[in-house]
2 protein chains.
Amino acid sequence: MENLGVVKQLAMMGGLRNFVPLSSGELAKMLNISQQSASKKILGLIDDGIIERQFGAKKPLIKITKKGLGLLQKEYADYRRMFEALKKLSVKGVVISGMDEGRYYLTLKGYKEQLKRKLRFSPYEGTLNLKILPSEFSKLNVLKESPGINIDGFQDGGRTFGPGKCFFAKIKNVDCAVIIPNRSHYSDVVEVISKDYLREKLSLRNGDEVEVEIRL
Amino acid sequence: MENLGVVKQLAMMGGLRNFVPLSSGELAKMLNISQQSASKKILGLIDDGIIERQFGAKKPLIKITKKGLGLLQKEYADYRRMFEALKKLSVKGVVISGMDEGRYYLTLKGYKEQLKRKLRFSPYEGTLNLKILPSEFSKLNVLKESPGINIDGFQDGGRTFGPGKCFFAKIKNVDCAVIIPNRSHYSDVVEVISKDYLREKLSLRNGDEVEVEIRL
DNA sequence: ATTACTATAGCGCGAGTAG
DNA sequence: TCTACTCGCGCTATAGTAA
């Protein structure tokens, strides 16, 4: 039966805890259906063991059974998983050599102190460069579209250093952060920083495939 | 349209974030309906602006729109409220005099130390007695059926003191706990303890009506 | 492979009404 | 009042099929 919406309505009236006084006519008005249809839905749910009903009091009393509670919990769990998954993003990439660019940027006060303040850890002076697998490119768009933690650009000695954003992340359960420059051009490389030297801590070599769990 | 279940299915496949490859035939199998019906549902959802579709790739690509996301969020919020409400119980009662029974029990080591350990506060040596309003009696059954925090009985000087259970609670945002003895006979009085002298802290007198927010 | 049209089958809704 | 039956209409799902 496709009547989970009816059970949900009953639940929102408190039918999970108590017998709730409810006539078929009242339910009909709530669901914008006829009294007859509401009556049939109630009978169907009783038949399926999803609700129970008591007569005798002024109004019929309806309560959701354990089975009905189970259905609602399953539905709730589905929605929870759905929205929890939205907060995370898992991306696979291959470790590549970064030619010490990252290390240079992380020595700059403008980035270093900002990252320390916003991420609440002092980054190791060097980045782990991950070349994202082509099959995962669409996930990079998610990063571009998510706000993340903003990193301001700055000027230093006449040179301009651009803004970007970063995201808390984990690689093999080790805390780190992913940095995404606000470049206009596309890049399939993300840089990962951490308070530790990740290559050593995770025993990584160029060419190794790793999975980054990013918290959006 | 009553097709939220379809949108939910799409969402669980990742359609909230990306275009997901999905033919009407595949959707049909997932929902146990015919390919034709699935096709119509898809068209209907596109018409309502709930999903969008792109052709051109090998498979049709489907993504949930902002409007569709809104519908799912509303549904999720409904379920959240429903289950959050299940964790709390608000009961109204009238302050009555307790004849110092509660005070006596709270001087007993067997109760006092157990409560301190399990509630993580040292109860003031006295209880606030609340006579529950008759209209709220059904809520007392909820307390009887909920596990709560178990309080063991004990023996002291040849006398037996019975077991019970308690629940963390709040009265006017002041932390307290409700004690429910495991008596076989029915009682419409609940005893409330706190680290403070509640009558004074809340300026309560016999006959005052108060509302207790109980955490199940 | 697909999508999605048309025509039909069948189920669900609601009106009328009994108890 | 209430529930819930029958019955007829209509919507919707499905089969067949075209593109």
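Every heavy atom of this structure was used, including side-chain atoms; hydrogens, water molecules and symmetry mates were not. Within every chain, numbering begins at 1; the chains are lettered A, B, ... in the order of the sequence lines, protein sequences first and strands thereafter.
Annotation: proximity of residues 15-23 of chain A to DNA chain C (heavy atom, distance under 4.0 Å) is found for no residue. Residues from residues 27-36 of chain A that place a heavy atom under 4.0 Å from any atom of DNA chain D, listed by number: A:Q35, A:Q36.
Heavy-atom contacts from other residues, nucleotides or ligands closer than 6.0 Å to NZ of B:K139 number more than 12. Applying the 6.0 Å contact sphere to NZ of B:K88 captures no more than 12 heavy atoms from other residues, nucleotides or ligands.
For the pair B:I96 and B:R199, the tightest heavy-atom approach, listed with the atom from each and the gap, is O-NH2, 3.0 Å. In this structure, B:K8 and A:E75 approach most closely via the heavy-atom pair NZ-OE1, 2.9 Å.
Regarding A:K41, its NZ atom lies at a distance of 15 Å from the P atom of C:dC11, rounded to whole Å. Between the CD atom of A:Q54 and the P atom of D:dT3 there is a distance of 15 Å, rounded to whole Å. In this entry the distance linking NZ of A:K59 with P of D:dT1 reads 12 Å, nearest Å. For B:L61 and C:dT3, the CG to P distance is 11 Å, given to the nearest whole Å.
If you check the side chains of B:Q114 and B:K118, you find a donor sitting under 3.5 Å from an acceptor. In summary, the side chains of A:D152 and A:N150 do present a donor paired with an acceptor at a separation below 3.5 Å, with no hydrogens or angles considered. Defined by atom type and a distance below 3.5 Å, a donor-acceptor pair is missing between the side-chain atoms of B:E52 and B:T65.
In this model, the phosphate group of D:dT14 is approached by a side-chain N or O of B:S37 to a distance below 4.0 Å at OP1 or OP2. The side chain of A:R53 places no N or O atom within less than 4.0 Å of a non-bridging phosphate oxygen (OP1 or OP2) of D:dC2. A:K58 has no side-chain polar atom (N or O) that falls below the 4.0 Å cut-off from OP1 or OP2 of D:dT1. Regarding contacts with the backbone of D:dT14, every side-chain N or O of B:K40 stays at 4.0 angstrom or more from both OP1 and OP2.
Under the side chain to side chain contact (heavy atoms under 4.5 Å, CB included) criterion, A:P181 pairs with A:R183, sequence neighbours left out. Applying the side chain to side chain contact (heavy atoms under 4.5 Å, CB included) rule to A:F83 yields the partners A:Y79, A:L86, B:L69, B:L72, B:Q73, B:Y76; only residues at least two apart in sequence or on another chain are considered. With sequence neighbours excluded, the residues forming a side chain to side chain contact (heavy atoms under 4.5 Å, CB included) with B:Y105 are B:E101, B:L108, B:Y111, B:R159, B:F161, listed by chain and number.
A:L204 places a side-chain heavy atom less than 4.5 Å from the side chain of A:V210.
Minimum atom distance to the side chain of B:L43 is reached by C:dC5, of the listed D:dT3, C:dT2, C:dC5.
Axis deviation across the helix from C:dT2-D:dA19 to C:dG19-D:dC2 amounts to 40°, comparing end segments of five pairs, rounded to 10 degrees.
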